[in-house]
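A short write-up of the structure that comes next.
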Amino acid sequence: MRLQIRWINGWAHAHGTGPDGRRIRRSLKTRDPGRAEEARAQLEARIWKIGLYGAPEVLTFEECALAYAEDGGDTRFLVPITKELSGMRLKDITPKEIRAAARRAYPNASPATLNRQGITPARAVINYGHQQGWCTPIRVRAFPTARPKRQAVDRGYLEKLRPAFPLRLYALMLFLHQTGRRVGEAVALTPENLNLARMTAFIPETKNGESTTVHLTTELAELLVKIEPRHGRVFGYKDKSSIYPTLRRACKATGQPYLGTHQPGRHSFATTLSNAGWGSKAIAEAGGWKSVRLVAETYEHPVSTAARAAALFDKKLA
């Protein structure tokens, strides 16, 4: 059946049935009758070619990227890499082609950016095509990146920053330091989530998709009483991005290194408990980590382990 042009709110749309019996409803993205007819004819020819020879012989990366985006795929970095792979059939794209396209799209970018903004979206599009039966899946070796060195800090770091902090930011940083929660979870807390009589805070949804109850220290509970909520939030910040400019200024004013929120919070929480003799499993449960291995390999930063080991054996020998 030939595709027909239908006009909806002044825009041309192609309607009809493909060779496989599927209904086709596609915007032609034009208001011009001549261009609409040209686009209709091209679309019809392509659909029938796919029916005759199969999608792998016909479909290009940009067509698959469009279908991926229309199906709700992440489009943040899709346009630059699509431009570089435009016109290539899905079946002809190799991991080497994707790495080269990432370099062309971001010639001055770091390896981490090439991975995040080049390889990841290209791989997502092709693997989406595989899920539709249009091509085989693909695996692409990431560009090697240097793992950033993370560190944990003790309470003294927050106390040095405190004179340059507004009270609500100090309370937020202390909450992260003493509970190990993620900054997004802390920022999203509403007054209804607090039960200061029981010294608890309820987090409706964590990164893992689960709810949890966090227990507060007496110090933290007393501090939260002094803070008046803003924007319907306990700590008064609409989102976590509004925290960092103030945090950077405070670090500059006090001469302290800028460590963001994750290192004084989650990393330091795990390390403090580890140095106190807690095992990785208990730390994971206390801080809401799904992976015990992740806690042990990434978040625990034991202090002076060799010296502590020597002191232990000296004590046993004595």
Side-chain angles (χ1 to χ4, degrees), residues 147-190 193-194 199-208 210-224 227 233-254 256-276 278 280-303:
R147 192 172 183 177
K149 179 68 175 176
R150 303 295 184 184
Q151 69 179 84
V153 294
D154 59 19
R155 175 66 176 274
Y157 175 78
L158 297 184
E159 294 307 316
K160 290 174 183 176
L161 289 171
R162 187 172 187 175
F165 273 164
L167 183 60
R168 63 181 69 252
L169 182 54
Y170 175 74
L172 172 60
M173 294 297 290
L174 191 62
F175 178 88
L176 301 178
H177 187 76
Q178 293 185 343
T179 67
R181 304 315 308 186
R182 300 172 180 87
V183 64
E185 296 167 358
V187 168
L189 284 175
T190 66
N193 297 141
L194 285 184
M199 295 202 303
T200 59
F202 177 70
I203 298 176
E205 185 175 4
T206 66
K207 182 180 178 181
N208 300 326
E210 302 172 352
S211 62
T212 190
T213 297
V214 175
H215 291 265
L216 310 176
T217 63
T218 303
E219 173 192 28
L220 187 54
E222 292 176 349
L223 194 58
L224 291 175
I227 299 174
R233 304 293 178 86
V234 169
F235 294 106
Y237 296 97
K238 289 184 178 180
D239 56 69
K240 62 183 182 181
S241 64
S242 57
I243 296 169
Y244 301 113
T246 306
L247 182 54
R248 289 181 188 277
R249 286 194 296 270
C251 289
K252 185 175 181 179
T254 58
Q256 296 303 304
Y258 175 75
L259 301 176
T261 56
H262 213 55
Q263 294 177 80
R266 212 151 164 77
H267 282 268
S268 299
F269 173 82
T271 300
T272 299
L273 296 184
S274 175
N275 289 335
W278 286 49
S280 298
K281 186 175 187 300
I283 295 172
E285 291 177 355
W289 282 276
K290 278 284 190 180
S291 169
V292 174
R293 180 179 176 181
L294 179 65
V295 172
E297 293 182 352
T298 304
Y299 285 90
E300 294 180 35
H301 307 279
V303 178

Ser280 and Val295: which non-hydrogen atoms are nearest, and at how many Å? O-CG1, 4.2 Å

Is there a side-chain contact between Ile203 and Leu189, using heavy atoms and a 4.5 Å cut-off? yes

Pair Asp154-Ser268, side chain to side chain contact (heavy atoms under 4.5 Å, CB included): steps then yes or no: CA-CA 7 Å; Asp154 59 19; Ser268 299; over 6 Å; no

Distance col, row Lys240:NZ vs Tyr237:OH, nearest 0.5 angstrom, shows 15.0 Å

Please check: side-chain N/O of Glu185 versus main-chain N/O of Thr206, any donor-acceptor pairing under 3.5 Å? no

If we only count heavy atoms from C-beta on, is the Val153 to Leu158 side-chain gap below 4.5 Å? no

Set of residues satisfying side chain to side chain contact (heavy atoms under 4.5 Å, CB included) with respect to His262, sequence neighbours excluded: Arg266, His267, Tyr299

Exercise answer: donor-acceptor pairs, residues 168-179 side-chain atoms, under 3.5 Å, sequence neighbours excluded:
{"residue": "Arg168", "atom": "NH1", "partner": "Glu228", "partner atom": "O", "Å": "3.4"}
{"residue": "Arg168", "atom": "NH1", "partner": "Phe235", "partner atom": "O", "Å": "3.1"}
{"residue": "Arg168", "atom": "NH2", "partner": "Glu228", "partner atom": "O", "Å": "3.2"}
{"residue": "Tyr170", "atom": "OH", "partner": "Arg155", "partner atom": "NH2", "Å": "3.0"}
{"residue": "Tyr170", "atom": "OH", "partner": "Glu159", "partner atom": "OE2", "Å": "2.5"}
{"residue": "Tyr170", "atom": "OH", "partner": "Arg162", "partner atom": "NH1", "Å": "3.4"}
{"residue": "His177", "atom": "ND1", "partner": "Pro264", "partner atom": "O", "Å": "2.8"}
{"residue": "Gln178", "atom": "OE1", "partner": "Thr217", "partner atom": "OG1", "Å": "2.7"}
{"residue": "Gln178", "atom": "NE2", "partner": "Glu219", "partner atom": "OE1", "Å": "3.1"}
{"residue": "Thr179", "atom": "OG1", "partner": "Phe175", "partner atom": "O", "Å": "2.6"}
{"residue": "Thr179", "atom": "OG1", "partner": "Arg181", "partner atom": "N", "Å": "3.3"}

CD1 of Ile227 to CG of Leu224: how many Å apart, nearest 0.5 Å? 5.5 Å

State, to 0.1 Å, how close Gln263 and Gln151 come at their nearest heavy-atom pair, and which atoms those are. OE1-N, 2.9 Å

Of all heavy-atom pairs linking Pro166 and Thr246, the shortest is CD-CG2, 3.9 Å

Determine the minimum heavy-atom distance between Leu194 and Leu216, stating which atoms define it. CD2-CD1, 4.4 Å

Closest heavy-atom contact between Ile283 and Ser274? CD1-N, 3.7 Å

Residues 284-293 side chain polar contacts: donor-acceptor under 3.5 Å, at least two apart:
{"residue": "Glu285", "atom": "OE2", "partner": "Lys281", "partner atom": "NZ", "Å": "2.7"}
{"residue": "Lys290", "atom": "NZ", "partner": "Glu210", "partner atom": "OE2", "Å": "2.7"}
{"residue": "Ser291", "atom": "OG", "partner": "Arg293", "partner atom": "N", "Å": "3.4"}
{"residue": "Ser291", "atom": "OG", "partner": "Leu294", "partner atom": "N", "Å": "3.0"}
{"residue": "Arg293", "atom": "NE", "partner": "Glu297", "partner atom": "OE2", "Å": "2.8"}

Between Tyr244 and Thr261, is there a donor-acceptor pair closer than 3.5 Å when you use the side chain of the first and the backbone of the second? no

Hey, what do you get for CG (Asn193) to OG1 (Thr200), rounding to the nearest 0.5 Å? 10.0 Å

